[in-house]
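Any value given below was found using the heavy atoms of this structure, including those in side chains, with hydrogens, waters and symmetry copies removed. A note on names: the letters A, B, ... follow the listed sequences, proteins ahead of strands, and every chain is numbered from 1.
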Amino acid sequence: MFALIDCNNFYASCERVFNPKLEGQPIVVLSNNDGCIIARSNEAKAYGISMGVPYFKVKKTIIDKSIIVRSSNYALYGDMSSRVMKIISEYSPSQEIYSIDESFLNLSGIKINLHLHMHNLRNKVKKCTGIPVSIGLGNTKVKAKIANKIAKKYHSFGGVFNIDDLAHNRYCKLLQSLEVSDVWGIGRKSGIKLNKSSIQTAFDFYKSDIGIIETIMGVNGARIHKEMHGYSCMEIEEVMSAKKQIVSSRSFGVDLSSYDEINEALTILARRAITKLNKENQMTESLGIFIYTNPFRKQINQKTLSKSIGLLQPTSNEEIIIPLISIMLREIYEVGHNFYKGGVFMSNLTNGLYQEDLFLEQKNIQKNAVLDSKYKKFIKFGSELGSQKWLPKSNFRSNRYTTNWNELIIAN
DNA sequence: TCTGGGGTCCTAGGACCC
DNA sequence: TCTGGGGTCCTAGGACCC
């Protein structure tokens, strides 16, 4: 038996925990650069604000309905997430942290009343962190996901719903009430393809021949089909596997056109990527950058520029990486465009600890070789002290209550 | 005027080899 | 030189997730 524990309107709920006056108020949280709506309280949903919609498109509704707006505050959400996850872990020896606000538990072998066990979990998370969660139970992950939707939708279940409590005909009925693309793993594109084969609802999918599903969707579709029939194909992944790539990118606060301004932005983004790399104890064997103009603007002269290189030795050394970023940018940069977004990426990551010992000497040789080369003139760490024009907008940010000394809540 | 960021996995097709 | 088939490896792009 699997449980999926999902925080309700997570970012909006986090904002409420630290500002109880927001309780009962409609509230939305914006993406980076205050671009899109990425979280909504139930009250905001009721006003028809949809997920992912650009802020400017719903600004009128937000003002008319006095909806409260927050810029995203990931330091706060990340910290709240780890508190929630820690409590969840007390309820089963086998936990998978699936995302910042979702966790699977494997409940097989737990002999006590699961329903009660999960209600206890829910109450404890609420009491200790202030975050409300919904819990779906099922004998596969896909079914637990569906159950979670029901737990969220119908308050009469008290936030916990076990889909395997349903008789078969009730289960079928439930599936009939869901669009096929509401099922976990079936997205918009596959939904359209399935619709063309007269598969509209989750129930149509369920009763379709698995061979047809596999033809349309490949092995993923077949796996989802099996899981809906109660055959578990997806295990709990307790250990977080090492990252395979790292991307650090941002929409700029204002469009950038000069080399120096873009270099400043990419330098900081590269530092963020290096920080992630170090946190993971990894090194990278390849490095890339990209910049592009605003794809939403109806201009003929759209530009997407990118470059990536392989490194002779894996590295996590900023003295190697940052100059290379500037060099690559120099190679792709073109005058006369308004760049809207840019980023740095690393792939072919290898275990840093192991490589460190093995290649220390070579690394230093390589580092010196790079620095002594014609590229040396490009080294400019001072680039980070530029105008900061590129910094994303964040006009509605709440305080970082839990992670920043200057913004702690001081109890009287 | 104003449109997020960071991941994973699968697949098709090309290059290459025997 | 022509012709055939099968296998591996790599990469780019697509689809999905939150």
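- A:Glu285 places no side-chain N or O within donor-acceptor distance of the main-chain N or O of A:Thr350, the cut-off being under 3.5 Å.
- We find that CE of A:Met240 is positioned 13 Å from C1' of C:dC18, with the value rounded to whole Å.
- A centroid separation of less than 6.0 Å is found between the aromatic rings of A:Phe104 and A:Tyr98.
- Within 4.0 Å (heavy atoms only), A:Phe345 reaches no atom of the nucleic acid at all.
- In the set B:dG5, B:dT8, B:dG4, B:dT8 carries the atom at the smallest distance from any side-chain atom of A:Lys243.
- Using a 4.0 Å heavy-atom distance criterion, A:Lys59 is classed as making no nucleic acid contact.
- A:Tyr55 comes within contact range of no nucleotide atom at all, as no heavy-atom separation falls under 4.0 Å.
- Using a 4.0 Å heavy-atom distance criterion, A:Ile100 is classed as making no nucleic acid contact.
- An OP1 or OP2 oxygen of C:dC17 is reached within less than 4.0 angstrom by no side-chain nitrogen or oxygen of A:Ser99.
- Rounded to an integer number of Å, the gap from CD of A:Glu285 to P of C:dT11 is 12 Å.
- Atom CG of A:Asn220 is separated from atom P of C:dG14 by 17 Å (rounded to the nearest Å).
- For the pair A:Asn33 (side chain) and A:Phe252 (backbone), a donor-acceptor distance under 3.5 Å is present.
- Contacts of A:Lys145 with the nucleic acid, taken as non-hydrogen atoms under 4.0 Å apart, involve only primed sugar atoms and P, OP1 or OP2.
- Contact annotation: A:Arg272 side-chain N/O to B:dG5 OP1/OP2 distance is not under 4.0 Å.
- Taking atom CD1 of residue A:Ile192 and atom C1' of nucleotide C:dC16, one finds them 14 Å apart after rounding to whole Å.
- Within 4.0 Å (heavy atoms only), A:Ile186 reaches sugar-phosphate atoms of the nucleic acid but no base atom.
- When atom types are taken as modelled, the side chain of A:Ser286 and the backbone of A:Ser347 share a donor-acceptor pair closer than 3.5 angstrom.
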Quick one: do A:Asn106 and A:Ser108 satisfy side-chain hydrogen bond (donor to acceptor under 3.5 Å, both in side chains)? Show the steps, please. CA-CA 6 Å; A:Asn106 187 344; A:Ser108 310; 2.7 Å; yes

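- Among the protein residues, A:Lys341 comes within range of the sugar-phosphate backbone only, with heavy atoms under 4.0 Å from sugar or phosphate atoms but none that close to a base.
- Residue A:Ile37 contributes atom CD1, which lies 19 Å from atom P of C:dC18 at whole-angstrom precision.
- Among the protein residues, A:Val58 comes within range of no part of the nucleic acid, since none of its heavy atoms lies under 4.0 Å from any strand.
- Residue A:Lys244 places no side-chain N or O under 4.0 Å from the OP1 or OP2 atom of B:dT8.
- In this structure, A:Tyr340 atom OH and B:dT3 atom C1' are separated by 5 Å, rounded to whole Å.
- Nearest to the side-chain atoms of A:Arg297 among the listed nucleotides B:dT3, B:dG7, B:dT1 stands B:dT1.
- Counting to the nearest Å, the P atom of C:dC17 and the CZ atom of A:Phe104 are 12 Å from each other.
- Remark on DNA chain B: of its neighbouring residues A:Val219 and A:Asn32, the 5'-side contact belongs to A:Asn32, judged by nearest-heavy-atom nucleotide.
- In this structure, the nucleotide among B:dT3, B:dG6, B:dG4 sitting nearest to the side chain of A:Ser249 is B:dG6.
- Of all the heavy atoms in A:Leu22 and A:Glu15, the pair that sits closest is CD1-O, 3.8 Å.
- The phosphate of B:dG6 has OP1 or OP2 within less than 4.0 Å of a side-chain N or O from A:Lys276.
- Remark: side-chain polar atoms of A:Gln95 are paired, donor with acceptor, to backbone N or O of A:Met85 under 3.5 angstrom.
- Residue A:Ser190 is in sugar-phosphate contact alone, with no base atom involved, counting any heavy-atom pair closer than 4.0 Å across all strands shown.
- Nucleic acid contact class of A:Gln245 (heavy atoms, under 4.0 Å, all strands): base.
- A:Leu277 places its CG atom 11 Å from the P atom of B:dG7, with the value rounded to the nearest Å.
- In terms of position along DNA chain B, the nucleotide closest to A:Phe252 lies nearer the 5' end than the nucleotide closest to the other residue of the pair A:Phe252 and A:Glu237.
- Between A:Lys189 and C:dC16, a side-chain N or O to OP1/OP2 separation shorter than 4.0 Å is absent.
- The nucleotide B:dC18 finds its pairing partner in C:dG5, both defining distances of the Watson-Crick or G-U wobble pair being shorter than 3.5 Å.
- Within the 4.0 Å cut-off from OP1 or OP2 of B:dG6, at least one side-chain nitrogen or oxygen of A:Arg250 is found.
- Between A:Ser248 and the phosphate of B:dG5, there is no side-chain N or O to OP1/OP2 separation shorter than 4.0 Å.
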